[in-house]
Amino acid sequence: MEVIIRSSREEAEKMTAAMLATAVETKPGCVLGLATGRTMEAVYAELARLHRDKGLDFSQVCTFNLDEYIGLAPDDPNSYRYYMQEKLFDHINIDPQRTYLPDGLNKDIKQEGPHYEAQIRYRGGIDLQLLGIGEDGHIGFNEPLSSFASRTRDVTLTPETIAQNSPMFQRPEDMPRRAFTMGVGTILEARRIVMLVTGAGKARVLAAAVEGPLAAIVPASALQFHQNAVVIVDAAAASELRMQEYYRWGFENDPRWEGYR
Ligand code: F6R
């Protein structure tokens, strides 16, 4: 795992978008794993801008989102399908047939996970997975104690996640208590992972995930197993990391990051 500390939130967001854009330029038919949430909004706005102003071409790209609320229809303004259309897909030239999210309306709850995994396999697996982190340490909706070997499945959200996300619902009490999520094991199969974490509110959980012990109680700590995971953070989110100076040194001195400095 590598940690990259950018001085501002905007720089962290821009760098994340630039890494996704480079992945698309390098492999026009790449498979991207996508996340929703507040952290990603500026990343998608920047990708839409790169499409509009620089012609970044998404026509061959395929996307798989991490999660979807159970019981919400695609046209429900609180669904993650709706979020993705509004924040990204409606602003780029992506083929709708190549954009996947779990089907929140699938009544066969136990069938949705294996079906989603089959679709990921059919598209060749995920080249680059974008992640955020929840205040309880979740990635996707893999809540504390999710097995590091877990696969795509239905889960019950923690009260902490409900407190984190329900303010985004017009009526907070309407937030579903359950969701489909890619598993931790599924996420770890992505060839490359980029996690974006911003804001002081995430500093403690970030330190636990990155520098703490591997523990299912902090699902994001599973990223320590991944051979090609980069965590991009702003100074506020980095404030509780013990090895900050080393991470800054690494970024300044590693030729791989030259184009991003
Ligand atoms: C959303 C997702 C979640 C979020 C996390 C952070 O698809 O997978 O893990 O990335 O809850 O959410 P924000 O960015 O709203 O703080």
Side-chain angles (χ1 to χ4, degrees), residues 9-10 12-13 16-17 20 32-46 63-70 72 74 76 78-89 99-104 113 116 120 126 128-146 150 152-169 172 175-188 190 193-206 208-210 218-223 229-234 236-237:
R9 172 188 292 260
E10 291 72 25
E13 293 163 344
T16 305
L20 287 160
L32 299 177
L34 299 178
T36 57
R38 285 156 283 213
T39 312
M40 300 307 159
E41 289 182 13
V43 173
Y44 296 144
E46 174 64 3
T63 64
F64 285 90
N65 268 78
L66 285 164
D67 38 24
E68 179 60 282
Y69 292 114
I70 292 179
L72 296 195
D76 186 309
N78 295 306
S79 74
Y80 282 165
R81 163 59 75 178
Y82 193 95
Y83 170 108
M84 289 309 302
Q85 293 298 140
E86 193 184 37
K87 308 282 186 240
L88 184 64
F89 299 154
T99 66
Y100 295 83
L101 283 93
D103 175 6
Y116 201 59
I120 295 174
I126 292 171
L128 191 159
Q129 177 68 56
L130 180 62
L131 294 177
I133 189 171
E135 284 161 22
D136 65 357
H138 70 215
I139 47 175
F141 274 142
N142 292 285
E143 301 289 33
L145 298 193
S146 291
S150 55
T152 307
R153 68 202 184 289
D154 57 300
V155 294
T156 302
L157 303 172
T158 59
E160 215 170 342
T161 295
I162 290 167
Q164 181 195 295
N165 286 6
S166 59
M168 287 182 275
F169 285 66
M175 181 176 160
R177 270 47 181 159
R178 308 205 74 233
F180 292 118
T181 181
M182 271 187 212
V184 178
T186 319
I187 291 170
L188 290 178
I193 292 180
V194 176
M195 184 160 84
L196 172 63
V197 185
T198 52
K202 300 278 179 70
R204 204 156 57 127
V205 76
L206 176 76
V210 170
V218 185
S221 68
L223 298 187
V230 178
V231 185
I232 302 176
V233 306
D234 64 0

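On a predicted model such as this, the values are computed, not experimentally measured, just so you know. Below, all heavy atoms of this structure are taken into account, side chains as well, without hydrogens, waters or symmetry copies. As the structure lists them, so they are numbered: ligands from 1, and atoms in each ligand from 1.
Checked by atom type and distance alone, the side chain of E68 never pairs as donor or acceptor with a backbone atom of A179 at under 3.5 Å.
Ligand-side atoms of ligand 1 in range of L66: 8 (O), range being under 4.0 angstrom from any heavy atom. Each of the following atoms of ligand 1 lies closer than 4.0 Å to a heavy atom of T39: 13 (P), 14 (O), 16 (O). Close approach to A35 involves these atoms of ligand 1, each under 4.0 Å from a residue heavy atom: 7 (O). Counting atoms of ligand 1 from 1 in the listed order, those under 4.0 Å from a heavy atom of D67 are 1 (C), 2 (C), 7 (O), 8 (O). In the vicinity of I133, heavy-atom distances shorter than 4.0 Å reach the ligand 1 atoms 5 (C), 6 (C). Residue-ligand proximity, H138 to ligand 1, at heavy-atom distances under 4.0 Å covers atoms 3 (C), 5 (C), 9 (O), 11 (O). Within ligand 1, the atoms closer than 4.0 Å to a non-hydrogen atom of G37 are 14 (O), 15 (O), numbered from 1 in the order shown.
Remark: R153 CZ to T181 OG1 distance equals 6.5 Å, nearest 0.5 Å. A distance of 7.0 Å separates CD1 in I187 from CD1 in I193, rounded to the nearest 0.5 Å. For the atom pair CD of E143 and OG1 of T161, the computed distance is 3.5 Å after rounding to the nearest 0.5 Å. The distance from the OG atom of S79 to the CD1 atom of I70 is 13.5 Å, given to the nearest 0.5 Å.
The nearest protein atom to atom 9 (O) of ligand 1, hydrogens excluded, is given as G140 O, 2.8 Å; this is a heavy-atom distance. Here the protein heavy atom with the shortest distance to atom 10 (O) of ligand 1 is G132 CA, 3.4 Å. Scanning the protein for heavy atoms near atom 1 (C) of ligand 1, the closest one is T36 OG1, 3.1 Å.
In this structure, L131 and A35 approach most closely via the heavy-atom pair CA-CB, 4.4 Å.
Within the 4.0 Å heavy-atom criterion, neither part of E135 lies near ligand 1.
If you check the side chains of Y80 and Y69, you find a donor sitting under 3.5 Å from an acceptor.
Enclosure of atom CZ in R204 is not indicated, since only 12 or fewer non-hydrogen atoms of other residues, nucleotides or ligands lie within 6.0 angstrom.
Comparing heavy-atom distances from atom 16 (O) of ligand 1 across M182, Q164, K202, R38 singles out K202 as nearest.
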